[in-house]
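Presented below is the structure to which this report refers.
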Amino acid sequence: MTRALPVTREENFPEWYLAVVRDADMAETSAVRGCMVIKPWGWGIWELIQADLDRRIKETGHENCYFPLFIPLHFLAKEAEHVEGFAKEMAVVTHHRLKSIDGVLQVDPEAELEEPLVVRPTSETIIGDTFQRWVQSYRDLPLLINQWANVVRWEMRTRMFLRTTEFLWQEGHTAHADAGEAMEETLRMLEVYRQFCEDVLAMPVIAGEKPENERFPGAVSTYSVEAMMQDGKALQAGTSHYLGTHFAEAQNIRYQTADSQVAFCHTTSWGVSTRLIGGVIMTHGDDDGLRLPPAIAPRQVVIVPMLRDKPEDAVVLDYCEGLRAELVAQSGAFGPVRVLVDKKPLKSADKRWNWVRRGAPIIIEVGPRDVAGGNVTYMRRDRLRDGDKVISNNSSRTAFVAGIVALLAEIQASLFGEAKARFDGNIRTDLTSFDDIAAYFGPSTDDETDSFKGWVRAAWCKPGGEALERAVERLKSLKLTIRNAPLGQTGPFGACVFTGAAGVEHILIGRAY
RNA sequence: CGGGGUGUAGCUCAGCCUGGUAGAGCGCUAGCUUUGGGAGCUAGAAGCCGGAGGUUCGAAUCCUCUCGCCCCGACCA
């Protein structure tokens with residue numbers, strides 16, 4: 001049983017994940033603790049994610065801006081809950097100069113800033129400060145802004161793509177005249193994320209509201225899209241917050257209404273990050289490496305010429321180039337087909353497996369026999385093997401070119417279908433008491449290689465305050481968390497799994513990243 | 001910040017107990033063979049053994065201090 005990775009998902013899921021990141025050439029650790037170098041293949045995926053999502057953000061009326069990396073310390077002090085939420089994980093700039101002292105380069109003690117600057121963990125405060133100047137009248141509303149940026153959160157434990165000290169994201173920030181509009185915006189962007197995850201990343205998610213204890217610091221309500229990884233754990237793939245007037249009051253974002261009253265704006269914020277790439281890996285990856293949905297594959301078709309350092313090579317290369325030209329002229333839902341002829345002076349078998357690990361949706365191998373017959377011999381990354389044997393598909397060149405757009409769409413759909421079946425098949429709805437849940441998930445262990453459990457969908461009475469804390473503590477003893485309360489629920493609901501009282505809605509419970 | 005582990009070639013690690021001045025596999029480079037599939041053989045390049053101090057004729061190895069990284073816990077997109 002030979003696979004392209006040194007470790008299988010079954011053997012050790014966390015190690016498998018790291019092996020994919022490394023062997024698919026996506027990213028590597030850097031000299032800076034917790035920060036990663038995103039390599040061309042990983043970056044190419046991110047660029048495609050950005051391009052598609054950026055279009056969706058603009059289509060819903062938003063404009064891009066850029067705000068500073070540094071935030072004056074006193075900005076954060078304004079919203080109490082917000083500070084408390086982030087205080088423990090901030091990078092702080094206190095000096096502006098270095099100096100060589102006794103031949104050692106060090107921070108110049110005389111160059112201390114009057115007020116420290118924090119490196120943004122998120123930009124609510126500095127954007128709020130700007131909005132306060134931009135918003136004067138109801139005619140300025142709604143204000144719909146987005147930015148693509150890096151942010152820093154000084155995390156104790158990091159994991160490539162899933163949780164890094166510095167990460168990349170987009171953060172949308174909007175200001176509205178009233179609660180209704182702001183809530184509509186919050187849910188609109190949540191729906192944009194849901195569609196994006198499913199249609200582009202081929203990653204099924206459930207959109208819902210986070211329980212009180214999982215809210216964004218300073219938010220009135222927080223919503224998320226939650227994806228299920230292949231080890232059964234949940235990944236929060238995107239969030240959208242209704243901030244009420246909390247930030248507006250803290251930062252004086254006010255406007256004059258049509259009848260000359262002064263009112264506070266209702267604001268929202270929403271974001272997705274490079275974490276999505278981690279979600280793609282753990283949704284679609286297999287024991288041969290990454291499998292990329294064509295929509296975000298930097299190269300959808302890779303042509304590997306079988307070169308032998310002989311004169312015949314020229315004919316093979318010509319054929320490859322001709323095929324490439326015909327393929328890139330095809331265009332479908334994902335734009336013009338992205339094709340690479342891999343001419344690197346490596347053995348063709350090595351190149352093939354490199355592209356298998358990277359997850360290129362279609363890998364074509366061209367030898368003299370294909371050239372002579374006008375054929376295309378290719379592998380589909382979504383259906384690579386039959387048992388241990390690699391499946392080799394054959395087609396005439398003309399038929400292959402004519403069918404490439406449909407084939408890519410089929411691969412996109414098949415990856416989604418596979419993930420969706422696993423997702424739907426692993427949400428238990430028949431566990432109606434906490435004891436059932438405890439028995440199902442078993443005792444808490446430190447071993448991350450626990451068997452696949454998926455999630456539980458159960459009714460609860462939506463307690464708040466201390467009652468919620470007690471429920472959360474009980475779940476915590478099983479390493480479980482409440483992921484969200486799915487939107488669009490209809491009753492009736494059974495008894496609350498925590499208290500036995502009448503349930504008011506369903507929540508999703510599972511282990512999480 | 002608590003508990004555990006670990007730093008030796010690009011990577012994974014052996015050597016350390018019982019001090020004598022550095023090894024393997026993979027990768028890399030070159031040559032030859034092989035050629036519808038993750039090949040074989042031969043030769044070669046590559047490490048002041050995390051850092052500082054000490055013991056010693058002599059330290060990767062023993063002692064002291066220090067730094068980094070990994071795993072587990074508290075925190076999180």
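Each chain gets a letter, A, B and so on, in the order the sequences are listed, and its residues count up from 1. This is a predicted model, so every value here is computed, not measured. When reading the values below, keep in mind they use all heavy atoms of this one structure, side chains included, and skip hydrogens, waters and symmetry mates.
Taking the C1' atoms as reference points, B:U61 lies 15 Å from B:G23, given to the whole Å. Nucleotides B:C63 and B:C26, compared at atom P, are 35 Å apart to the nearest Å. When the C1' atom is compared between B:G50 and B:C69, the two are found 10 Å apart, to the nearest whole Å. Taking atom P on both nucleotides, B:G20 is separated from B:C62 by 11 Å, rounded to a whole Å. Using P as the reference atom, B:G4 and B:G40 are 45 Å apart when rounded to the nearest Å. Only the P atoms considered, B:U42 is 14 Å distant from B:A24, to the nearest whole Å. The P atoms of B:A14 and B:G7 are separated by 7 Å, rounded to the nearest whole Å. Taking the C1' atoms as reference points, B:G47 lies 23 Å from B:G53, given to the whole Å.
Looking at A:Trp148, its side chain never comes within 3.5 Å of a backbone N or O of A:Asp54 through a donor-acceptor pair. The closest donor-acceptor contact from the side chain of A:Arg511 to the backbone of A:Ala234 lies at 3.5 Å or more, if one exists at all.
The side chain of A:Trp353 sits closest to B:G38 out of B:C76, B:G38, B:A77. If you check B:C75, B:A39, B:G38 against the side chain of A:Arg357, the one that comes closest is B:G38. When distances run from any side-chain atom of A:Arg157 to the nucleotides B:C71, B:G38, B:A39, the shortest one goes to B:C71.
Annotation: side chain of A:Asp287 is in contact with side chain of A:Arg9 (closest heavy-atom distance under 4.5 Å).
Mapped onto RNA chain B by nearest heavy atom, A:Thr158 and A:Arg215 fall at different nucleotides, with A:Thr158 at the one closer to the 5' end.
Taking a pair to require two hydrogen-bonding distances under 3.5 Å in either a Watson-Crick or a G-U wobble arrangement, B:A39 pairs with B:U33. When both distances must be under 3.5 Å, the Watson-Crick or G-U wobble mate of B:A22 does not exist. Remark: B:C28 base-pairs with B:G44; criterion is Watson-Crick or G-U wobble with both hydrogen-bond distances under 3.5 Å. Nucleotide B:C17 forms a pair with no other nucleotide shown, judged by Watson-Crick or G-U wobble geometry with both contacts under 3.5 Å. Across all strands shown, B:C76 forms no Watson-Crick or G-U wobble pair with both key distances under 3.5 Å. Taking a pair to require two hydrogen-bonding distances under 3.5 Å in either a Watson-Crick or a G-U wobble arrangement, B:A9 remains unpaired. Pairing partner, B:U61: none, since no Watson-Crick or wobble contact has both distances short of 3.5 Å.
A:Glu198 has a carboxylate O that lies under 4.0 Å from a charged side-chain N of A:Arg194, or vice versa, which qualifies the two as a salt bridge. Electrostatic pairing of A:Arg22 and A:Glu28 does not count as a salt bridge here, judged by no charged N lying under 4.0 Å from a carboxylate O. The pair A:Arg380-A:Asp382 counts as a salt bridge, with a side-chain nitrogen and a carboxylate oxygen less than 4.0 angstrom apart.
Look at CZ on A:Phe86: it is 15 Å from P on B:C75, rounded to the nearest Å. Rounding to whole angstrom units, CG of residue A:Asp350 and C1' of B:A39 are separated by 10 Å. Distance A:Met203 CE to B:A77 C1': 12 Å, rounded to the nearest Å. Rounded to whole Å, the distance from CG on A:Asp23 to P on B:C11 is 14 Å. Atom CG in A:Leu5 sits about 13 Å away from atom C1' in B:G38, given to the nearest Å. The NZ-C1' distance, from A:Lys476 to B:C76, rounds to 12 Å in whole Å. Taking atom NZ on A:Lys389 and atom P on B:G38, their separation rounds to 14 Å, with Å as the unit. A:Glu155 has its CD atom 16 Å from the C1' atom of B:C1, to the nearest Å.
For A:Phe167 and B:A77, the ring-to-base geometry satisfies the stacking test (centroid distance below 5.5 Å, interplanar angle below 30°).
Under 4.0 angstrom from either OP1 or OP2 of B:A39 there lies at least one side-chain N or O belonging to A:Lys347. Within the structure, every side-chain polar atom (N or O) of A:Lys210 is placed at least 4.0 Å from both OP1 and OP2 of B:A77.
For the pair A:Trp41 and A:Met26, the tightest heavy-atom approach, listed with the atom from each and the gap, is CD1-CG, 4.2 Å.
Figure legend: cation-pi geometry between A:Arg397 and A:Tyr319, with NZ or CZ positioned under 6.0 Å from the six-membered ring centre and within 45° of its axis.
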Show each protein N/O and nucleotides 28-36 of chain B N/O combination with a separation under 3.5 Å, one pair to a line.
residue	atom	partner	partner atom	Å
B:U35	O2'	A:Arg308	NE	2.8
B:U35	O2'	A:Arg308	NH1	3.3
B:U35	O2'	A:Arg308	NH2	3.0
B:G36	N7	A:Arg369	NH2	3.3
B:G36	O6	A:Arg369	N	2.3
B:G36	O6	A:Asp370	N	3.2
B:G36	N1	A:Asp370	OD2	2.9
B:G36	N2	A:Asp370	OD2	3.1

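When heavy atoms are screened at a 4.0 angstrom cut-off, A:Ala237 is found touching no nucleic acid atom at all. The residue A:Thr165 sits apart from the nucleic acid: no heavy atom pair falls under 4.0 Å. Within the nucleic acid shown, A:Leu162 comes within 4.0 Å of at least one base atom, counting heavy atoms only.
Ring-centre distance between A:Trp270 and A:Trp169: not below the 6.0 Å cut-off. Ring centroids of A:Phe423 and A:Trp455 are separated by less than 6.0 Å, placing the two rings close together.
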